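Reading through the structure tokens given below for one structure.
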Amino acid sequence: MSGVAREISAIRDVGFVVIPDLIPPGDLAEMRGALAPALDAELYGRNDFEGHRTQRVYSLVAQAPVFTALVEHPLVLALCDAFLEPNYLLTASQAIRISPGETPQPFHTDDSFYRIARPRDAVSLSFIFAVDAFTAENGATQVVPGSHRWADAEVERLLAEIDFATVPEGDRIPRPKDARPAWLHGELVDVVMPAGAAIAFLGTLVHRGGENRSAHPRLALSNQYCQPWARQQENYCLSVPREQARRMSSRVQALLGYSVHPPFMGHANGLHPRRMLEESDG
């Protein structure tokens, strides 16, 4: 198979695919440098889902040009073209660093908040990029192949175990979890991959961040794209300064939400929202 046909076939079959050598070493070094100030602050998750030994940097697309370029990587967009309708949007863009001592994240799917009965087509497509190599010891993403076809009853059971409640700062201790719950049928795969590789998977696929039993943190990036009619997880029109958005390509601007899904979804006062970028802030 040529082009992205192999990747498309794998995603349709098992729900995910690993893409080698997507980010070159020079870009990885630039990404680490750009994220260092935020990660040095050591702000960890507020709840069990975020992870009390896990750091996140949100609105990653606005952190540095190297992240903005990744959002419109040709291979990434080619896969989005295959699984999402035209005018799809960027719904989440963040860096995730799992530190030693972190326990496994709760099992979940990335588009579970879209309350459409399963089995169904995914509303979103996710990409996790390895800035550090993913190993079975340092918190590699874990996936359940074929779970993108599960029905509501199978998925609701795992979603019921997720706790999004904010925990007081003094009580933020990683919660132990089963390495493999008895109800989880099918194979559980550690997505082991070198730095620069990525995993692309459907928003309906069951997965989680793994336990970090190593002595070093594991850094990754996560970009997610959604159907043009779905609400985005991150509100980029507020989180990305307008002056910064003006300097981005028209393609990235459209992915952030400065776009219209025909006939008029996303308009601003009856006009194309990109007009807002043309107005003076003064």
Side-chain angles (χ1 to χ4, degrees), residues 18-47 49-73 75-76 90-103 105 110 126-135 137-141 169 172 174 191-201 207-225 232-236 238-241 243-245 247-249 252-253 255-256:
V18 173
I19 306 167
D21 303 322
L22 194 142
I23 304 176
D27 285 358
L28 292 175
E30 187 175 348
M31 290 170 174
R32 293 187 186 99
L35 288 170
L39 295 176
D40 286 348
E42 294 190 352
L43 298 176
Y44 295 99
R46 299 158 291 185
N47 54 55
F49 183 80
E50 288 183 329
H52 298 313
R53 293 294 181 271
T54 299
Q55 297 168 266
R56 281 177 167 80
V57 179
Y58 294 101
S59 290
L60 180 67
V61 66
Q63 291 294 317
V66 68
F67 301 119
T68 309
L70 185 61
V71 165
E72 56 178 340
H73 189 288
L75 191 153
V76 168
L90 183 71
T91 179
S93 178
Q94 57 189 267
I96 303 173
R97 186 165 75 170
I98 298 178
S99 293
E102 183 63 280
T103 56
Q105 189 182 30
D110 281 348
S126 297
F127 296 82
I128 297 178
F129 308 91
V131 180
D132 296 325
F134 280 28
T135 71
E137 290 74 35
N138 74 357
T141 298
E169 287 193 26
R172 293 178 181 176
V191 183
V192 174
M193 56 184 176
I199 175 177
F201 58 97
H207 67 284
R208 69 178 179 181
E211 177 182 7
N212 190 342
R213 303 184 299 274
S214 75
H216 304 285
R218 180 275 271 173
L219 178 60
L221 314 178
S222 175
N223 286 342
Q224 300 175 28
Y225 301 78
Q232 294 158 278
Q233 296 177 53
E234 297 192 73
N235 188 330
Y236 297 111
L238 292 177
S239 64
V240 179
E243 182 56 41
Q244 190 172 358
R247 297 193 297 269
M248 295 178 179
S249 71
V252 172
Q253 290 171 354
L255 288 166
L256 295 183

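Residue numbers count from 1 along this sequence. If you're wondering where the values come from, they're calculated on a predicted model, not measured in any experiment.
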[atom1]-[atom2] distance between [X] and [Y], expressed to the nearest 0.5 angstrom:
X	Y	atom1	atom2	answer
R218	T135	CZ	OG1	9.5 Å
L219	L221	CG	CG	6.0 Å
Q94	Q224	CD	CD	7.0 Å

Are any side-chain N or O atoms of [X] and backbone N or O atoms of [Y], one a donor and one an acceptor, separated by less than 3.5 Å?
X	Y	value
N235	S239	no
N138	A133	yes
Y225	V71	yes
E102	N212	no
R53	P174	no
R56	E50	yes
T68	V61	yes
S59	V240	no

Practice item. List the steps and the verdict of side chain to side chain contact (heavy atoms under 4.5 Å, CB included) for N223 and F129. Key: CA-CA 8 Å; N223 286 342; F129 308 91; 3.8 Å; yes
To check you understand the geometry: which heavy-atom pair defines the closest contact between [X] and [Y], and what is its length?
X	Y	result
L28	A130	CD2-O, 4.0 Å
Q253	M248	NE2-O, 3.1 Å
I128	F134	CG2-CZ, 3.9 Å
Y44	H52	CB-O, 3.4 Å
L90	Q232	O-NE2, 2.7 Å
S93	E234	N-OE2, 2.7 Å

Check your understanding: With D27, which of L22, L70, V66 fulfils side-chain contact (heavy atoms from CB on, under 4.5 Å)?
Key -> V66
Point to revise | Side-chain heavy-atom pair Q105, I98 within 4.5 angstrom cut-off | key: no
**Study point:** Check against side chain to side chain contact (heavy atoms under 4.5 Å, CB included), T141 and M193
**Key:** CA-CA 10 Å; T141 298; M193 56 184 176; 5.9 Å; no
Review point. CZ of R46: more than 12 outside heavy atoms within 6.0 angstrom?
Key: no
Practice item. May I ask you to check whether over 12 heavy atoms, not counting those of D40, lie within 6.0 Å of atom CG? Key: yes
Practice item. I would like to know whether Y236 and L255 meet side chain to side chain contact (heavy atoms under 4.5 Å, CB included); could you show each step before the answer? Key: CA-CA 9 Å; Y236 297 111; L255 288 166; over 6 Å; no
Exercise for review: Test H216 against D132 for side chain to side chain contact (heavy atoms under 4.5 Å, CB included), laying out the working first.
Suggested key: CA-CA 10 Å; H216 304 285; D132 296 325; over 6 Å; no
